[in-house]
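Just so it is clear: chains get the letters A, B, ... in the order the sequence lines come, proteins before strands, and each one is counted from 1.
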Amino acid sequence: MLFPTVDFAIFFVLVFLGHWLLNHLAQPWKWFMIAASYVFYAWWDWRFVLLLATISIIAQLGAIAVARCRTPRTKLAATALAVTALLTPLAFFKYYAFFAVSATNTLTSIGINSSLPLIQVVLPVGISFFTFMAISYVVEVYRGEFPVAGWTDTFLYLSFFPHLVAGPIVRPAELIPQLAERRDERHVDVAGAAWLILGGLFKKVVVSSYLAAQIVDPVFGDPARRSTADALFGILGYAIVIYADFSGYTDIAIGVAKLLGFRFPKNFDRPYAARSIQDFWRRWHMTLSRWLRDYLYIPLGGNRRGERRTGWNIMITMVLGGLWHGAAWTFVLWGAYHGALLVAHHVRARRTPDVPPEAWLRVAGQRVATFALVCVGWVFFRADSLEIGLSLLGRLVTGWSTPNEFVTPLVVMIVFGMLGLQFWPRGMGLWLQAGLSRLKPVPLGLVLSLAMLVIVILGPAGVAPFIYFQF
Amino acid sequence: MPAGRVLVVILVALLTWTLMYAPALKRAAEASPLGLRRSASLVVLTPIAAASEFFGIDALAETIERAVGRPPRAGGAFVPPPDDVPVVPDPDPDDPGNGDGSGNGPSEETEPIRVPAPTRRLRVAVIGDSLAAGLGYYAERVFRPRLVRVSRQGRISTGLTRPDYFNWPLAMRRIVDSWDPDLVIVMLGENDHQSIQTVSGQRVAQIGTGEWPAEYRTRVLQMMRIATSRGAKVVWAGLPMSADARFSEHSQRQNDIFEFAASISPNVVYFDAWERFRSPRGGYTAYFREGGRVLLIREGDGLHFNSVGYTIVAREIAEVAAQEFGLLPRTFETEL
């Protein structure tokens, strides 16, 4: 079920009602929310529900086994077994086709006429997200940072519909304790939630959909015949599209959770205002960044084993992070590119520490340079192949004589407008929320309906799937 | 705010929005495939839309739509709004013969497609539903830009059964008259597993009845006539097999109609995508073998092609055009 649909609106009204009616009954409330979340997920394909339940069972059995082991060695073995079991479905669903094709072609190239079964594997929506959350739960139990939760808590933690299909990747300590508390039905932050939901809808339905159709798809579809300006705004446009699409979804998810009395961690913090590539990763998909840091980079040794080993650890983490996004060499390249940038940043930071106070020109230069580097990475993230990515970058310098086809004043305005919002004063949003919160229910409902109407009219017919659903 | 009041906010917001936008929602429901969901939506939305129109509540949505430069989506009889009509490219400045109809006059005989030159490029229009929308992007890659200009005219969720939603014959007429393509590639039909309606939304042939194939054939032939009316050649691509076997039988019947219509229409050739992209055992496959290599060519939805797949489809269609209409091999890429 997609958030910006009538289906979800009806579903949410029913869930909202049931949620607050059952709020004081801990166990019935949990069963109700699990059922609602499974209905939400089954809307795509009921068979996916079996996978979600299987992952939840593996995670819970794994956590129990880890907690019962007496020695560090058996604990570690149980954890490794559970994590492997959790990763197996992800590996199969996400990488089977990539592996089967690569292996068959490699064997053919050396004269072995053999083939793995060429079956079509449909990727279950959001599998990467709930698998990562399940791993997070098992590893935290292993580390002693979180106790084994009850079965219903584990099922609800992994399936809770606001985060289910595209995050944020919520840690056990951030959500499971909230499941045990009674939500305060007297204070629901409707203004804050409405701000996030409507802002998210605007970013997804209006900004992302428009730029994708207007310039990004045609430019990335056939870069070889695009002008320099088309290529440039196609790349800048994609930077906005992926940000608006993903942060829009996250904002809606956080807002929906807020209406149910839950707090979710932030997932984006003005990433295109970053002053360095390290700063970018602290602002972009923050819950994935910290997951990779805590469950991959630090276990690999982090920065504790010298400069060279730190560099390798960063590269491994980022390449695997790239591969997490999809089974394609372009994602591997994108991960390796960011890994290399982070390594370069670390080396430079050690040798030339910043000297405050800093001039605004220097800060602006850092921001522009970081954004440019990030955009180059997005080219390979979005391109169908390395050749297409290189061709598009090449058009930045070779497309001067080609007439522009896709850059329009509106495209330019949206791109720069969205970039400008990265520097929007934080207080402005709160000020508007405060204004909304002063309204009585009926006027507030009317204002929100008007905002929804404008968003729907500005958006195209139909809603494209969210980009991050496929990850 | 207490949860009870928040529920009031949500209900007021949703109900008011539904009331203001009901005519457009009703139109979207009418365009959706037949079934319980469509029927239920129409039962709910029809009285709300009527009330919205009677009390003039829909005027606000129409005012906003006009203010942002869009024609209202609500309304009775279908009048193709400008943003629903394919936008044909501007005339090629390097092409003196472009748009004036001098390229190829109407002809009943199968003549070779004209020889393009950098100053007078071949015009290829890719027409149809979401399959054609994807194909259009990759046709641009396959056809060489120095000699061929591609116009992408794919429209998602469209077909020939529901001209009340999107009127393809009218759109095709506009494309042909204003752009005068040399080659038209058509790929549509995946949304046509439903009863056939008229422009004003009246049902003329129930799906599953004997009237359906006859009416559908009439519409396919009409499309072919319009597409070839100024001398263009047409490659009509049949539906590829999809992973969802529920519609296989119907899709094959559609393909039979496409193939038959192409066989009796001058300057039209049928490309059998079903046969070309099925597995050796005759079932669905997401893979394609070429030159000893295996390629993944279909999306996970089991219907659409991925970038490699669309590129192969575009290339195969170009090869069919070369074989049937004398399209020069130097106008398109033969390698992936």
Could you tell me which portion of [X] (side chain, backbone, both or neither) has an atom closer than 4.5 angstrom to a non-hydrogen atom of chain A?
| X | result |
| --- | --- |
| B:Ala243 | neither |
| B:Ile10 | side chain |
| B:Leu15 | neither |
| B:Tyr284 | side chain |

Which heavy-atom pair separates [X] from [Y] by the least distance, and what is that distance?
| X | Y | value |
| --- | --- | --- |
| A:Ala9 | B:Leu14 | CB-CD2, 4.0 Å |
| A:Ile457 | B:Ala61 | CD1-O, 3.5 Å |
| A:Ser449 | B:Met20 | OG-CE, 3.6 Å |
| A:Val190 | B:Val9 | CG2-CG1, 4.3 Å |

CA sep, side-chain torsions, deciding dist, call: A:Val188, B:Arg5, side-chain contact (heavy atoms from CB on, under 4.5 Å): CA-CA 9 Å; A:Val188 178; B:Arg5 288 181 163 212; over 6 Å; no
Is it the case that the side chain of B:Arg152 and the backbone of A:Pro218 share a donor-acceptor pair, with hydrogens and angles ignored and the cut-off at 3.5 Å? no
Out of curiosity, [X] [atom1] to [Y] [atom2], how far, rounded to the nearest 0.5 Å?
| X | Y | atom1 | atom2 | answer |
| --- | --- | --- | --- | --- |
| A:Leu458 | B:Ile64 | CG | CD1 | 8.5 Å |
| B:Leu296 | A:Tyr96 | CG | OH | 11.5 Å |
| B:Thr16 | A:Leu453 | OG1 | CG | 10.5 Å |
| B:Met1 | A:Leu444 | CE | CG | 5.5 Å |
| A:Leu448 | B:Trp17 | CG | CH2 | 13.5 Å |

Structural part of [X] lying under 4.5 Å from a heavy atom of chain B:
| X | result |
| --- | --- |
| A:Phe98 | neither |
| A:Ala224 | neither |
| A:Leu439 | backbone |
| A:Asn23 | neither |
| A:Arg225 | side chain |
| A:Asp7 | side chain |

Do the side chains of A:Phe16 and B:Val6 get nearer than 4.5 Å, heavy atoms only? yes
Can you tell me which of B:Thr285, B:Leu7, B:Asn306 forms the most heavy-atom pairs within a distance under 4.5 Å of chain A? B:Leu7
Residue pair A:Asp384, B:Tyr137: steps toward the side-chain contact (heavy atoms from CB on, under 4.5 Å) verdict: CA-CA 12 Å; A:Asp384 295 331; B:Tyr137 286 119; over 6 Å; no
Going through the distances and angles, do A:Thr108 and B:Val294 end up as a side-chain contact (heavy atoms from CB on, under 4.5 Å)? CA-CA 9 Å; A:Thr108 305; B:Val294 172; 6.0 Å; no
Can B:Tyr287 and A:Thr104 be said to form a side-chain contact (heavy atoms from CB on, under 4.5 Å), step by step? CA-CA 12 Å; B:Tyr287 301 86; A:Thr104 303; over 6 Å; no
Would you find more than 12 non-hydrogen atoms of other residues, nucleotides or ligands less than 6.0 Å from B:Arg144 atom CZ? yes
Any idea which of A:Val447, A:Val454, A:Leu446 has the most non-hydrogen atom pairs under 4.5 angstrom with chain B? A:Leu446
